[in-house]
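Residue numbers begin at 1 in each chain, while the letters A, B, ... track the order of the sequences.
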Protein chains: 2
Amino acid sequence: MGALSTVDHAVDLLFALSASAEPEGVTALSRRLGLPKANVHRLLATLLQRGLVEQDERRRYLPGSALVALGLQRLDRDPVTAAARGELEAAAAELGETVFLAGLRGGQLVVLDKAEGSGFLRAAPRIGETVPLHATAVGKLALAFAPDEVALGGAELRSFTATTATSHAALDAEVRRAALRGWAENREEWIAGLSVVAVPVLRAGRLVGALALAAATGRIESIGRLRTATRLQAAAKRIEARLVTPLPRTRSAEAGA
Amino acid sequence: MGALSTVDHAVDLLFALSASAEPEGVTALSRRLGLPKANVHRLLATLLQRGLVEQDERRRYLPGSALVALGLQRLDRDPVTAAARGELEAAAAELGETVFLAGLRGGQLVVLDKAEGSGFLRAAPRIGETVPLHATAVGKLALAFAPDEVALGGAELRSFTATTATSHAALDAEVRRAALRGWAENREEWIAGLSVVAVPVLRAGRLVGALALAAATGRIESIGRLRTATRLQAAAKRIEARLVTPLPRTRSAEAGA
DNA sequence: CAAGTCTGTTTCATATAATGGAACAATTGG
DNA sequence: CCAATTGTTCCATTATATGAAACAGACTTG
């Protein structure tokens, strides 16, 4: 469809550079993306001028610091993230374990913000990281409360651990349970040893985020899953209260199709 | 000059969206950038596919969450951050208070990394947070050692506390003092109760970061500002030694702005 | 120390691919 | 309800990105 290929290639370069652990040269990138060297070089030169990529002393290219500015700017203007920030820290401090906020961005579930726990062994999600829908607590909430915004597709459910739900029937049962009781859990379904309890953050009945506590299974059990869920729900309530001032009035009638 | 105009325009859009406080429509953006509507629309559609921009419920455009992922990824591989990490922790452990690293990213001063102190009352900056230039110790260092990389503008100096420098004359005096003695301080000028001592991290004579200790005013006084500065300078020296890298030479004339 | 093989960079003819005016459709607002 | 926006699509035109090949540094290898 109508996508500007030049821009597309530039974006490919940004992601390629960001994905690779080390600075990469023009030749390597051109091979990886299947583009002519000259082309890659000009794209990089353009991005270089704008600070989206940089060069190291060996003239190899790496992601630019302008990306940091753009990314962090973006983080700060997210209304849900802003409203949740204080609650994340309060809950993490009180429970001593990592609490994070996830949300749907572009059909994918991404980590929006986090407040890490204090333990030596603690979950340390990466902000911006995308997490699987079918093997996480927040994913089940997304499937339960915003099924039309996510693209699970009829695809096969990849098995990460022994407890991953690999059949759609099993997953559906989990999702229904989450919808019923208002919170979801993940018992080492994605990463061995890691358990999560998550609650939804709603605005006008729509899911705008999910608040989750992630910790070693033993730690969560000693806190208590229900107690964790209750504590998170209180935080979610306060976040929701802070979100009720949104959108400059919409007059659109909800009536009819 | 050999810059791909299509990519350039796409980058313009990203910065324009990031700069404006609210989501913007195609028409507004086309006016601001002086590009035809159709063109802006296609550029946005391309960026939308890749998650670099998003649309709100009114179809207006805003920066996309993929920028967060790219930006955060970039933060982690920052050479200055990598070189400083160990020193941050060593200094924080030795002095018992929070030590953090700040740097200029896209004309703004942002927190790159931190090692928190052990006290019950301790500074806990957020990584990625941007801090004001005129009311912080690290900001004064930026103004003193990299005046052309920061955009203070002739703007008014917002007053945060009773001791904030609100006149350019007063600020200039502070900046000159910092340049002379090689370290800067902040005496509750930004946040009541919080004092900071900061030293520059230089590479090839250019400021690449600032190392700062942040603590309650009483704590800093009992450690001693000069002693703190001396300790931080030792750390900065070691960081600088780890950064000995010639800057890449550019053959073509460089266009500013 | 020199030849060879990698890099990154520049050139230039060519045709593709982005352009932008204008028509269209879907909103919003009065 | 109509008018004035907005976002989106269409399409001819040519400006623009393309990519093969030549060039120039840097680094390794014999």
Side-chain angles (χ1 to χ4, degrees), chain A residues 1-14 16-17 20 22-50 52-64 246-257, chain B residues 1-14 16-17 20 22-50 52-62 64 245-255:
Chain A
M1 35 164 64
L4 303 185
S5 64
T6 309
V7 176
D8 235 33
H9 290 155
V11 176
D12 282 337
L13 272 174
L14 287 181
L17 279 177
S20 85
E22 293 186 357
E24 294 225 44
V26 172
T27 310
L29 287 166
S30 89
R31 264 197 293 264
R32 176 189 306 196
L33 301 182
L35 293 173
K37 271 200 313 183
N39 207 346
V40 169
H41 178 257
R42 271 181 313 240
L43 286 165
L44 287 171
T46 307
L47 295 171
L48 188 66
Q49 278 189 347
R50 305 305 228 86
L52 294 184
V53 306
E54 289 167 3
Q55 305 192 88
D56 66 4
E57 57 281 358
R58 291 180 192 167
R59 292 223 190 99
R60 291 175 312 180
Y61 293 85
L62 55 133
L247 313 181
R249 17 130 273 133
T250 309
R251 279 289 265 155
S252 62
E254 299 293 317
Chain B
M1 66 191 66
L4 303 185
S5 63
T6 308
V7 175
D8 235 33
H9 291 155
V11 176
D12 281 336
L13 271 173
L14 287 180
L17 280 176
S20 85
E22 294 185 355
E24 294 222 45
V26 172
T27 310
L29 286 166
S30 89
R31 263 197 294 265
R32 177 189 303 196
L33 300 183
L35 293 172
K37 272 201 309 184
N39 207 343
V40 170
H41 178 258
R42 272 180 310 238
L43 286 165
L44 287 171
T46 307
L47 295 171
L48 188 67
Q49 277 189 348
R50 305 305 227 86
L52 295 184
V53 306
E54 289 167 4
Q55 306 191 85
D56 65 5
E57 55 280 358
R58 290 181 184 174
R59 292 224 189 94
R60 292 175 310 181
Y61 293 86
L62 54 133
T245 55
L247 294 171
R249 19 175 269 95
T250 316
R251 167 175 317 133
S252 50
E254 59 284 335

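Every residue two or more places apart in sequence or in another chain that forms a side-chain hydrogen bond (donor to acceptor under 3.5 Å, both in side chains) with B/Asp12 is listed here: A/Arg50.
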So which protein N/O to nucleotides 14-21 of chain C N/O distances come out below 3.5 Å?
from   : atom 1 : to      : atom 2 : distance (Å)
C/dA18 : OP1    : A/Ser5  : N      : 2.8
C/dA18 : OP1    : A/Ser5  : OG     : 2.7
C/dA18 : OP1    : A/Thr6  : N      : 3.0
C/dA18 : OP1    : A/Thr6  : OG1    : 3.2
C/dA18 : O3'    : B/Thr6  : OG1    : 3.2
C/dT19 : OP2    : B/Asn39 : OD1    : 2.6
C/dT19 : O5'    : B/Asn39 : ND2    : 3.2
C/dG20 : OP2    : B/Asn39 : ND2    : 3.2
C/dG20 : N7     : B/Arg42 : NH2    : 3.1
C/dG20 : O6     : B/Arg42 : NH1    : 2.8

Restricting both atoms to N or O, compile the protein contacts to nucleotides 25-27 of chain C shorter than 3.5 Å, with distance only.
from   : atom 1 : to      : atom 2 : distance (Å)
C/dT27 : OP1    : B/Arg59 : NH2    : 3.3

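Here the NE2-OG1 distance, from B/His41 to B/Thr46, works out to 9.5 Å after rounding to the nearest 0.5 Å. How far CG of B/Leu48 is from OH of B/Tyr61: 6.0 Å, rounded to the nearest 0.5 Å. Taken from CG in A/Asn39 to CG in A/Leu29, the straight-line distance is 12.0 Å, to the nearest 0.5 Å. Atom CG of residue A/Leu13 and atom CG of residue A/Leu44 lie 5.0 Å apart, to the nearest 0.5 angstrom. Atom OG1 in B/Thr27 sits 12.0 Å away from atom CZ in B/Arg60 (nearest 0.5 Å).
A/Leu43 and A/Thr6 make their closest contact through CD2-O, 3.9 Å (heavy atoms, listed as atom of the first residue, atom of the second, distance). Closest approach of B/Asp56 and B/Leu62 over heavy atoms only: N-CD2, 3.7 Å.
Residues A/Lys37 and B/Lys37 each lie close to DNA chain D; by heavy-atom proximity, the contact nearer the 5' end of the strand is made by B/Lys37.
At D/dT8, one or more side-chain N or O atoms of B/Tyr61 fall inside 4.0 Å of OP1 or OP2 (strictly under the cut-off).
Look at NE2 on B/His41: it is 18 Å from P on C/dC24, rounded to the nearest Å. Rounded to an integer number of Å, the gap from CD of B/Gln55 to C1' of D/dT8 is 11 Å. Between A/Glu24 atom CD and C/dC6 atom P the separation is 18 Å, expressed in whole Å. Between A/Arg60 atom CZ and D/dG25 atom C1' the separation is 16 Å, expressed in whole Å. The distance between atom CG of A/Leu13 and atom P of C/dG8, rounded to the nearest whole Å, is 13 Å. One interatomic measurement links the two molecules: CZ of A/Arg31 to C1' of D/dG19, which rounds to 17 Å at whole-angstrom precision. The interatomic distance linking B/Arg58 (CZ) with D/dT5 (C1') rounds to 14 Å, in whole Å.
Contacts classified as salt bridge (charged side-chain N to carboxylate O under 4.0 Å, His left out) and involving residues 30-40 of chain B (residues at least two apart or in different chains) are given here: B/Glu24-B/Arg32.
The C1' atoms of D/dC11 and C/dT16 are separated by 16 Å, rounded to the nearest whole Å.
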